[in-house]
Number of protein chains: 2
Amino acid sequence: MDPLLSRLSYLLGRLYMTSLTLETEALEDLGVDVKQQAVLTFLAEIGPVTQQQLGQRIGIDRTTIVTLVDGLEQHGYVERERSPHDRRAYQLTLTDTGRAAQKTGHKRVAKAERALLDNLTGPERDTLKRLLAKAVQERSTHL
Amino acid sequence: MDPLLSRLSYLLGRLYMTSLTLETEALEDLGVDVKQQAVLTFLAEIGPVTQQQLGQRIGIDRTTIVTLVDGLEQHGYVERERSPHDRRAYQLTLTDTGRAAQKTGHKRVAKAERALLDNLTGPERDTLKRLLAKAVQERSTHL
DNA sequence: TATTGTTATACTCTATAACTATA
DNA sequence: TATAGTTATAGAGTATAACAATA
């Protein structure tokens with residue numbers, strides 16, 4: 001019936017926008033937005049990095065990283081320390097509070113993801129996620 | 001390895017942004033953007049509507065519809081006619097040129113979609129699209 | 001009084017340019 | 001000279017407010 005629902009980009013867009021809304025709400029009282037939660041997760045799993053390295057890895061401009069990290073620092077989730085190798089660069093490290101916030105946030109995001117796909121069965125959710133990952137991952141190796 | 005690739009919203013966002021880029025490029029020489037192509041398709045399949053009805057159906061603000069339709073009108077794809085029922089409203093109708101452009105655009109978009117998912121097999125593409133549609137459609141019936 | 005289309009304004013998000021301190 | 005972080009500015013995209021014509 002609705003011609004839009006047969007359009008891949010429309011479907012992706014709708015679901016993406018809804019996921020942003022749900023995740024933003026889920027993270028609200030932690031004082032972080034979706035990108036900031038991604039940064040916390042990145043630091044928790046990969047370890048300390050400079051702002052520049054961080055931006056390159058998660059695809060955010062270095063000028064945008066600044067205010068993003070400002071917020072995390074104000075909440076005491078992250079500390080800026082001068083890199084021992086290069087005094088121009090900041091080494092970003094997760095505090096204990098930041099690590100706890102990351103874990104809580106991670107659970108909240110997982111819950112929001114389930115809510116987003118609450119009309120799919122468990123196996124369907126896994127399939128969807130697997131296919132999305134495959135489409136994105138192989139594409140990035142092409143570059 | 002990359003923690004971002006396990007995040008649903010990240011996968012959706014990456015694929016969505018790429019789809020917008022590919023489709024925008026594919027439609028470029030027709031003089032329409034992705035939203036304008038959606039409007040042409042809507043008019044081709046549903047028939048004449050007012051700007052207000054159009055905006056409500058495809059989720060675009062009525063103030064944004066104006067410039068969008070301006071572009072379509074300048075290309076001669078769409079005509080604004082006063083509604084016989086309500087002289088405040090414009091009835092949007094597709095011209096012959098507009099109908100031709102819609103068909104060409106539709107093929108281009110389909111090609112862009114295949115390119116976006118060129119690393120998935122045919123059945124995988126169908127499955128992905130079906131699951132996305134299910135997730136979006138059932139969600140919208142919940143509202 | 002409410003609604004359609006329109007315009008102007010404001011607001012958000014992001015990209016660009018320029019500055020500083022280091023290298 | 002080039003780079004990390006920062007700041008200020010400009011741009012795209014979108015939402016809000018107000019207006020004229022009509023209901």
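Residue numbers begin at 1 in each chain, while the letters A, B, ... track the order of the sequences. Predicted model, so just to flag it, every value in this text is computed and none were measured.
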(message) Nearest 0.5 Å, please: how far is CD in B:Q91 from CD in B:Q51?
(response) 10.5 Å
(request) Go through the structure and list residues passing ring-ring contact (aromatic ring centres under 6.0 Å, His included) with B:H106, not counting sequence neighbours. (result) none
(message) With a 4.5 Å cut-off on side-chain heavy-atom distances among I, L, V, M, F, W and Y, is there a chain of contacts connecting A:I46 to A:V32?
(response) yes
(request) In whole angstrom, give the distance that lies between atom CG of A:L20 and atom P of D:dG13. (result) 18 Å
(request) May I ask you to evaluate whether B:Q51 reaches the phosphate of C:dT6, defined as a side-chain N or O under 4.0 Å from OP1 or OP2? (result) yes
(message) Under 4.0 Å from OP1 or OP2 of D:dA4: is there any side-chain N or O of A:Q52 that close?
(response) yes
(request) State which residues pass ring-ring contact (aromatic ring centres under 6.0 Å, His included) with A:Y10; sequence neighbours excluded, sorted by chain then number. (result) none
(request) Could I get the full list of side chain to side chain donor-acceptor pair (under 3.5 Å) partners for B:T50, not counting sequence neighbours? (result) B:Q53
(request) Would you kindly give the OH-to-P distance between A:Y90 and C:dT20, to the nearest whole Å? (result) 16 Å
(message) Taking CG in B:D96 as the centre, count heavy atoms belonging to other residues, nucleotides or ligands within less than 6.0 Å. Is the count above 12?
(response) no
(request) Could you list by number each residue of residues 65-87 of chain B showing a heavy-atom separation from DNA chain D of less than 4.0 Å, or answer none if no residue does? (result) B:D86, B:R87
(request) Provide, to the nearest angstrom, the distance between the CD atom belonging to B:Q56 and the P atom belonging to C:dT3. (result) 11 Å
(request) Decide yes or no on side chain to side chain contact (heavy atoms under 4.5 Å, CB included) for B:L15 and B:L117, but give the supporting numbers first. (result) CA-CA 9 Å; B:L15 218 51; B:L117 304 180; 4.3 Å; yes
Protein-nucleotides 16-21 of chain D N/O pairs closer than 3.5 Å?
unit_1 : atom_1 : unit_2 : atom_2 : d
D:dT16 : O4     : B:T63  : OG1    : 3.3

(request) May I have the distance from B:I60 (atom CD1) to C:dT6 (atom P), rounded to whole angstrom? (result) 15 Å
(message) Grouping I, L, V, M, F, W and Y whenever their side-chain heavy atoms are under 4.5 Å apart, do B:L131 and A:L5 come out in a common cluster?
(response) yes
(request) With a 4.0 Å heavy-atom cut-off, tell me which residues in residues 28-35 of chain B come close to DNA chain D, sorted by residue number. (result) B:K35
(request) Please assess A:R130 against A:D126 for the test side chain to side chain contact (heavy atoms under 4.5 Å, CB included), listing each intermediate value before the final yes or no. (result) CA-CA 6 Å; A:R130 181 178 59 79; A:D126 293 341; over 6 Å; no
(message) Are the side chains of A:R14 and A:R7 in contact, using a 4.5 Å heavy-atom criterion?
(response) no
(message) A:Y90 and side chain to side chain donor-acceptor pair (under 3.5 Å): which single residue from A:E73, A:Q52, A:R80, A:R82 fits?
(response) A:R82
